[in-house]
Amino acid sequence: MASRDEAPKLSSSVKLVLLGEAAVGKSSLVLRFVNDDFQENKEPTIGAAFLTQKCTLPTRTIKFEIWDTAGQERFASLAPMYYRNAQTALVVYDITKPTSLIKAKHWVSELQRQASPGIVIALVGNKLDLAAPVLADDDGGEEGGDAMNGGNRAVLTAEAKAYADEEGLLFYETSAKTGENVQGVFEAIANAIPESTLKPRAGAGGFAGGSGRAGAGSGGGDAGAAGMAVNLEDGVRAKEGCAC
Amino acid sequence: MFSSLLQKATAFITDVPPASPTSPTSSRPTKTTLFRNHFRLPDSQTPLQEITCELTLPSGDHYAGKLYLSESFLCFSPNPPSSSSTASATAGIGFTLPLCAIRRVERLHSRSYMFALAITTWHGVANSTSSPGGKEERVTLQFVGMRSSCEAFCDRLKRGLRSQMGEVKNLRILVDSCYSEYLLGNSGGYDGVKRTTDGAGADDSRKKDKDPPDAGLGMIFKYPGDTRKLRDRSKMRLWAEYLRANFGVENGRNVTLVRQPTFHKLIRVGLPNRLRGEMWELSSGSIYLRLFNPTMYRDILQEYDGRHSHSIEEIEKDLNRSLPEYRGFQDDEGISRLRRVLGAYSWRNEEVGYCQAMNIVTAALLIYMSEEQAFFLLSTLCDRLVPGYYSKTMYGTLLDQRVFESLVEKTMPILWEHLVKSDVQLSVVSLPWFLSLYINSMPLVFAFRVLDVFFLEGPKVLFQIGLAILRINGEELLDATDDGAFISILKSYFSRLDESAHPRSDNEKLRAVTRFQELMVVAFKEFAGITQNTIIEQRNKHKDAVLSSIESFAKRTQLRNLGPDSRRLTPEELSCTYDQYFGVLYERQGRLQMIADEMEKLATKKKAAAGSGVGGNGGERGRVGLGPTTGETGMDYDCFREFLTGVAKWAVADSVASTPAEPTQPEQSGFFGSYGGAAAAALQRKNLLNPWGAGNPEPADHEFMRRLFRRWDTDMKNQLSLGNVVSGLASVVGGKKDIMGNINYWFELYDDDGDGKVDREGILRITEALLFVTRRGDVGRSDGEEAEWGDERILSAVSGFTRMCFEYADPDRPKKEEGVIKVDKDEDEDDLLELAASSSDEDPLDTPETVSPGERSPTTPHPKDNAKANLALDPSNPLHITLPTFRMVILADEVLERFFERGFAESFKLIPGSEPQATAANPRLMARMPSTPLTPGNAKGLRGVLDGIVDEGMRVAAEVRRRMEEMEDNREEEGEEGEAADAKSIREGDRDLLKGAEADIQEGQGQTDGLHIEKGGGSKGEGRGRSVSYGDQISSRVVEFES
């Protein structure tokens, strides 16, 4: 997507935040991505957990600084603290729980209005392992198919995909348990980050201060424009008319 | 009786703000709350007596201080309870003695001029029979003060002791569950002989071989950490020694424990495993809740067994992931205990319910204490120690983060500057520390050491530890430039707490000091200046900002997620609706709760029950940021009424000084079946307590409002959510103002069974509603013509409406029914032609003659046309109007048309202050109708009249006209007082108008109506096409009939 041939391999760090209803598997996704591990009983996240992981792309290396947030509803008011200055976000829902998709949609609109402009958002349906036979997925998404072979699936792929397209989000279905698609999500995100929002790692003095820190500062405007471009590539960004 | 109670209640409320000093919202804690917190007493306790006195322990130690007496406790402290003392009483010397644990009080005569008491406690008695010398262990209290005050104190004490006799049985249960009892009982010294005077000898002999009391999961699954390394045995020995002292029970134990400096030191070095739970509940005071509520925990479990709630669901999700590294929580036993404790608390305090992190804290407690102990300790924790931490909005957590930041700024300015410069948000790191009380930040063994001190000294400990962590790691942190580096430094610090703090030191002793010990020293020495008072001050300082930011976040989120209906209101309207909704809801909840609390308190005060006081004391209410007061998050009908007063003037009751009971006379609720007497009674009860709050406008209560409520309550929960209210408002106010839509809306509002018909009763109710909504005369006026839009025109329009409705109503005739009863309204229009025709040919002539202009009395109607009266007026013939008829009737009148087109929608003012001219106009109009306003009460009067003469539909018009006449009279009187000319001109204008109306009708043909409608329609843009067509239909119908 955004490859720059002449540049040497760049290394930059990217702030990523995970949002979504409680127990949809946010922490498990991170654990799979960072340690390639899975724990059946993961302690609930209090406030947020912080982890880092590198992601190597053909043209650059991206170091993800991952903020894994608490999912319980009442922690929502803490979220701005964590998505502040985030360049990317993973909004996770549980494909076996339709309410978790509603919550995910709320998060998406929160991010679109409150987070850094141009934030790259990926919608992720987790617990794919609980859906039935993998192949039928897309057909199942059409009509009536889900009753046949949906397993515990309660959110159709097509439905979530349509929403993601409409809002210009990346979209994946994953399983933190089996590891399916987990790496893919993070790579896709890494690819989708516009170059202009990347700050060099261990940034020297003034420059880094300018882009990353002040949020809405000089770097911000830049990022906004670039973010728009990316979003346009992924789909038309539908502007819901809403109150705030 | 009630009113005096109410007075007392309100006086009580204003005198004593019901907030604890730890509550972030009380600016200055009251003496009572200071007292309670100082001695860790339940909320039921108040200081009744105090006196300066000197305490002499059996060992001979003397302490000067003050003795306090509350309903159920005798307390001693050398320093007075104040928020500025560095530590609470439990940290120093003293005792908190439940009166039921006092066995004997003797007046000492040794020095006759001195006033002294010798107190023998529960354990003292036991000892007296078993200790070597048979010597009774007594605590001597020598009073210093006027003889009279000494005697007053003693008198009160005597009464207190007597009233607490009944609690002795609870004490016995409690004491048996205390590990200290078992410890001392088993290891000699005290062998439990004759523990009680009731001679429970069998009990005593069992004592030795009895299983030890439950001291937590640790007894089954081992306590965390290496007991040898923790030096658990020596700690236990030291405690046994302290509790037993040199001879017997000098310091008492559990509830009779006397705190001396050693007590404090013993806690600082860490509690031994088996005593930990008991000491936690003793130093936090939760033991007293357990003492007075011996069955509460089991009762709750029993009562809510098998019940489901959102909290229960959330708890289930987390049970398997609470301290999963501890073996006890990989086991069903541990998990079930956790489930029960968290569940019971969520039921006990639904306001908090369940918050993640509570599972971790509770799990930690359960390692050291029984379920019941953990339940009460959790209550004390959530309600008093860290209020608001786990609440729905978590304002306590956020507030303390702000406080922590400000303390860092104050104590470590360089580090703070660095944080700001590198844009590291401190709370990102520190929030989990506070929320989980360091339990999931530090290795468990150390976290428990922090907890030991935390329960003893209170929430300031969390801050001291946090500051010390930053101070110790300061150097390294100054090198960190982002959150990531910051976090990893601290992570590695926590993982090495057991290592030596000075590994390279030559001094062996210094090398032996662990990093954790260093942390404790820094926390409590270097930050000794951080007192409870510091925290309270800082909390007060930041409270508003924190609450506001929570509120704006909540508002933003909620408004955004309201769904499509919300888009029909402007952002500003939505914002104001939100404010109004929650303003009313929370303010009202808080008000009612407070009244209820106080009533209850007053009612039970005499019993001086030390009980309850667990949970629910919440402190301040009434702010969105503080979360809902009760579990309820919707508006009931009364609350809705209150809401409406804020957005629509007609919802305000007319008479300001009306007695509270007025708007809820039983008949009134009676006539609207589904709201039976129960509702009325409930309303009345509430009214006694003036639920509208001082200074608020009192809401009217009209059937129309009930209908709106029911209509908006789309979820049928008898409660309106914000979403319901926004959708409801959107349907009447929002979007393009569509006259047809509004007419349909009203019709549906009165079409109870949804069959597309409104019956005679419904027509009359619509009439009432129209009068009710327009009674201020300020509805339906368009901007330039307020004078022109007086009440008279509305009244005449409404009267015309009623008349027309009856004229064009369709009888419920079975033979026609196949044709008529169609829900599809478009099809109805054809049928209407035939049906309405039957009536339209006869009654137009009747109308004007029914009541002659001069006639005043509604009780003497002209019967002359009755014979001719059409079926519509015969009560034995049910009739109805259909939507098309209703539309036609509305569109036939300019005033009504305008009302439905704009007036009704405009009567809602969602944005306060946006319509200054409305308030200006209102008093004038009100003044014009002083004695006979169409108040709800009067509207009901009107209603009564209507009921009486329902067989004569015309009488509605008569009644309305009568009122108009009356008003004219009033005006004439006013006129005589000086505004004659004005009044007269208006009156004459009315006359003309009336005459005109009469003339119109007198001409008596459908075509007149058609003409009328055409005229009305002609002036409007959109509605015209349809209204004309109605006119056409009517005429064609008439023609058809005639032909």
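Convention: sequence-line order gives letters A, B, ...; per-chain numbering from 1.
The candidate with the highest count of non-hydrogen atom pairs below 4.5 Å against chain A, out of S436(B), P432(B), G484(B), is G484(B). Per-residue counts of heavy-atom pairs under 4.5 Å with chain B were compared for K15(A), R74(A), E73(A); the largest is that of R74(A). Top candidate by heavy-atom pairs under 4.5 Å with chain A, chosen from S549(B), A357(B), S488(B), is A357(B). Heavy-atom pairs under 4.5 Å with chain A were tallied for V428(B), I487(B), L431(B), I360(B); the largest tally goes to V428(B).
Using a distance-only test at 3.5 Å, with no hydrogens or angles considered, a donor-acceptor pair links the side chain of D482(B) to the main chain of A485(B). Not one N or O on the side chain of Y389(B) forms a donor-acceptor pair closer than 3.5 Å with the backbone of M358(B). Side-chain N or O atoms of H308(B) include none that pairs as donor or acceptor with a backbone N or O of E313(B) at under 3.5 Å.
Looking at S575(B), neither its backbone nor its side chain comes within 4.5 Å of chain A, counting heavy atoms on both sides. No part of Q401(B) comes within reach of chain A, as not one of its non-hydrogen atoms sits under 4.5 angstrom from that chain. Proximity to chain B (any heavy atom under 4.5 Å) is shown, for F50(A), by both the backbone and the side chain. Looking at A76(A), both its backbone and its side chain come within 4.5 Å of chain B, counting heavy atoms on both sides. Heavy-atom distances place no part of T52(A) under 4.5 Å from chain B, backbone and side chain included. Both the backbone and the side chain of N320(B) come within less than 4.5 Å of a heavy atom in chain A. Contacts of Q356(B) with chain A are made by both backbone and side-chain atoms, with heavy-atom separations under 4.5 Å. Using a 4.5 Å cut-off between heavy atoms, L562(B) does not touch chain A at all.
Side chains of V155(A) and Y93(A) form a contact here, defined as non-hydrogen atoms less than 4.5 Å apart. Between I121(A) and T88(A), the closest side-chain pair of non-hydrogen atoms is not below 4.5 Å.
Because its NZ or CZ atom is not both nearer than 6.0 Å to the ring centre of W107(A) and within 45° of the ring axis, K105(A) does not count as a cation-pi partner of that residue.
In terms of heavy-atom proximity, F486(B) sits nearest to V429(B) at CD2-CG2, 3.3 Å.
The local environment of CD in E187(A) is crowded, with over 12 non-hydrogen atoms from other residues, nucleotides or ligands closer than 6.0 Å.
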